[in-house]
Amino acid sequence: MKDRDLYIGVDIGGTHMRTALIDGYGNIHKHQKVQTDIAKGAVQTSARLVNQCSRLVNEALENQRKVESIGLGVAGKVDHLGGRVIFSPNLPHLNGYPLAVELEQHLQVPVFIENDANLFGIGEHWLGAGRHIDNWIGVTLGTGVGGCLILNGGLWNGDDLGYMGEIGHTIVDPHGPWCVCGLKGCLEAHSSGRALMEGVEGAVSEKELNSGRLYDLCTTGELTPEQVYQSARRGNATANRMFERMGWALGLAIANLFTFLGIRHAIIGGGVSASWELFIAPLHKSLAKHSCMLDESSMVIVKGLLGDNAALLGAARLAQNRIHGRGQT
Ligand SMILES: [Zn+2]
């Protein structure tokens, strides 16, 4: 790595596409955020992505610097070698689309595609809460629930099937609510932003909730995870029940993995982790209840340190390591 080399990190989520020009030390030189606008289809998303990245390549050139490579983070299952999104529940229009290939062809810069939760792991491992921990589980709480596993100081890739660490689609209650993946009772169906909203909608349709602000928001279609959070903070019992359920499910899923892997650290990030104070107590209670190998005090659950930038920084780190042939983290 030369001191002046630059990389582009990209994080494409269900609502926003974020791109940033980042150096080899993790300094963000320029950051851009635009709507993903999934309704306009994959070709439009790809064109917007090319446009955003071109600006950053030009910005680097104006400063006599060069973008060496691009790390592209997408929620879902990805084909690393083929540069394709295989399946993305939250970005269904990108299913099968060769997003990384198109970007590489347009910009003539190498592009490496990776799942966004894995990039969260690479980012936090590089510069955040996982810096000095060799073995940990990463969980990202957003519209869905993502996950990753750092083992022996590196990202675990499994059999390179295009996914790994998908804690969100491990089942915590076979009789629980339906998940977007088609299964019943996944962690994601209990602990995601979508699950918070669907839980409240369920309470309305069961007539357990039939008045008040939360009810009004639900019936007018204006409900958001943020509104569920605000209602819980104001003491609404239904909203609080959703956060208790979220913590219970996270504790159970993490306890199973701690027991299986013989590790004891988990790092939680993603936008919905901002509601930390509402789910962390039920999470710890559930963790203790579902662990027989470890005592409660030795299990460490911490919040990610990099906030919104974790996956972007992870994408830049992946781009940097791949182009210099240093593995993934
Ligand atoms: Zn699922």
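Whatever order the structure lists ligands and atoms in, that order sets their numbers, starting from 1. The structure presented is a predicted model; accordingly, all values stated were derived computationally and were not measured. In what follows, every heavy atom counts, from backbone to side chain, and hydrogens, waters and symmetry copies are set aside.
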Report task. Report yes or no: does Arg48 contribute a side-chain atom to a donor-acceptor pair with the main-chain N or O of Gln35 at less than 3.5 Å? Result -> yes

Results of side chain to side chain contact (heavy atoms under 4.5 Å, CB included) for [X] - residues two or more places apart only:
X	result
Glu277	Tyr229, Arg233
Ser54	Val50, Leu107
Asn95	Phe87, Ser88, Pro92

Query raised in the report: Angle class for the Trp136/His125 ring planes (parallel below 30°, perpendicular above 60°, tilted otherwise)?
Result: tilted

**Report entry** Residue pair Phe258 / Val300: nearest heavy atoms and the distance that separates them
**Finding:** CZ-O, 4.5 Å

Query - Distance filter under 2.8 Å, centred on the Zn ion (ligand 1) - protein N, O or S atoms that pass it - result: His169 ND1, Cys179 SG, Cys181 SG, Cys186 SG

